[in-house]
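What follows is a set of notes on a single structure, which appears directly below.
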Number of protein chains: 2
Amino acid sequence: MPKPAPEPEVAPPRENAIASPLAESPAFLVRLAQLRAFDEFHRNFAELGVTPAGFSVFALIVANPGIRPGAIAEELRVKPSNVAVLVNGLVAAGLVRREADQAELRASLLHPTAAGSRAWREMDRTHRETDAQFAAGLTPAERSQFVTLLRKLLHR
Amino acid sequence: MPKPAPEPEVAPPRENAIASPLAESPAFLVRLAQLRAFDEFHRNFAELGVTPAGFSVFALIVANPGIRPGAIAEELRVKPSNVAVLVNGLVAAGLVRREADQAELRASLLHPTAAGSRAWREMDRTHRETDAQFAAGLTPAERSQFVTLLRKLLHR
DNA sequence: AGGGGATTATTATGCAGCTTAATAATCACT
DNA sequence: AGTGATTATTAAGCTGCATAATAATCCCCT
């Protein structure tokens, strides 16, 4: 029996392995990563009946009671019209209430309800778990580095 | 008058800045990054009439002439049914042709047409530009680090 | 005052991308 | 030959998102 075929040094597609021309593309890899993130999210939040977008809106309201829809839209890079329907969902679920702003009658101020604050604790815990699963392949140091790079990339 | 309220040590939002409870969440940041990636993509590829998904399928076909739809679906984490319609688009655009596999009559082998190979050069160039814009906030070293971390994270 | 244009929010409508289910053809195995 | 699994495509439906339309309020300027 001849000695086993030596593995090539670089880009070593096996017999019938396929070349991945996008494997070095940051944008493409980010897309793949996000698919996985949503997978993890749905697996963990299936019970809680919240979508990723709804969760992020809720998180902002809990962290900033009295925040206005426009601010949420800006922060999350979604359109104000979307925020409205997401808030509708949270209100229907009894997690959030709209309050009138006396000094700005156009605006509505968003607050978590008591039930919302209670539900948040569970969601926050679940979210931390989800993040941990998502970044499970990275050491803590790498994870922190990863976050730093993402933030730098995002801030223009 | 008592001494002024001390600013909290961490998460020091300015007067009316809003707290971003998700700013440390890898999954959330990845989502934001992907939104920006699609933005860049659409800005650059608007002329070429290709979607991100269509582009990634085309890239795989060019790099692996004769590849089968099922392999593409697996590689890109999309459903086979999606691959079929994306390939339909590429065929309609004259970039790709389907060929019968003699040894496996169920399968179809995908090849770029001559026009497809020509068009690819332009697309590849544009894609490199897009990636560069996307990662413009990072130094080359950081960018390479970023890609490494993404790949590690994705390979479980 | 009060009228015109800008701001804020919500609702309504439409569409692209994706999923699941249904259909068709072929293969592998007994 | 026949049955169940594989491969691909088509069809139908849903979700999330964007744009446009509507409504109410605010700002400012004459």
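Throughout, protein chains are lettered first and strands after them, A, B, ... in sequence-line order, and every chain is numbered starting at 1.
- In this structure, a donor-acceptor pair under 3.5 Å is absent between the side chains of B/Asn44 and B/Thr126.
- If you check every strand for non-hydrogen atoms under 4.0 Å, B/Ala107 touches sugar and phosphate atoms only.
- Atom CG of B/Leu109 is separated from atom P of D/dT9 by 11 Å (rounded to the nearest Å).
- Counting to the nearest Å, the P atom of C/dT10 and the CG atom of A/Leu90 are 12 Å from each other.
- Sequence order on DNA chain D of the closest nucleotides to A/Glu104 and B/Ala84 puts B/Ala84 first from the 5' end.
- In terms of position on DNA chain C, the residue among A/Arg68 and A/Arg31 whose nearest nucleotide sits closer to the 5' end is A/Arg68.
- Under 4.0 angstrom from either OP1 or OP2 of D/dA23 there lies no side-chain N or O belonging to A/Arg106.
- Here the C1' atom of nucleotide C/dC15 and the NZ atom of A/Lys79 are 16 Å apart, to the nearest Å.
- Under the side chain to side chain contact (heavy atoms under 4.5 Å, CB included) rule, A/Ser56 has a single partner from A/Val78, A/Leu86, A/Val50, A/Leu76, which is A/Leu76.
- Between B/Pro112 and B/Trp120, every side-chain heavy-atom pair lies at or beyond the 4.5 Å cut-off.
- Nearest to the side chain of B/Ser81, among D/dA11, D/dC17, D/dC26, sits D/dA11.
- Rounding to whole angstrom units, CZ of residue B/Phe55 and C1' of C/dG17 are separated by 18 Å.
- Distance CD (B/Gln34) to P (C/dG17): 13 Å, rounded to an integer number of Å.
- Using a 4.0 Å heavy-atom criterion, one finds that A/Arg77 contacts no nucleic acid atom at all.
- Taking 4.0 Å as the cut-off between side-chain N and carboxylate O, A/Arg128 and A/Asp124 count as a salt-bridged pair.
- In this structure, CD of B/Glu99 is placed 19 Å from P of D/dT7, rounded to the nearest angstrom.
- Of the side-chain N and O atoms in A/Asn88, one or more sit less than 4.0 angstrom from OP1 or OP2 of C/dT11.
- Rounded to whole Å, the distance from CD1 on B/Ile67 to P on D/dA8 is 10 Å.
- Rounded to an integer number of Å, the gap from B/Asp39 CG to D/dA18 C1' is 12 Å.
- With distances taken from any side-chain atom of B/Leu105 to the nucleotides D/dT10, C/dT10, C/dT26, the minimum falls on C/dT26.
- When each of A/Leu86 and B/Val83 is assigned the nucleotide of DNA chain D with its nearest heavy atom, B/Val83 is the one assigned upstream, toward the 5' end.
- At a cut-off of 3.5 Å, with distance as the only test, no side-chain donor of B/Glu99 or B/Ser108 sits close to an acceptor on the other residue.
- Residue A/Arg98 places no side-chain N or O under 4.0 Å from the OP1 or OP2 atom of C/dA9.
- In this structure, the nucleotide among C/dT19, C/dT10, C/dG17 sitting nearest to the side chain of B/Asn82 is C/dT19.
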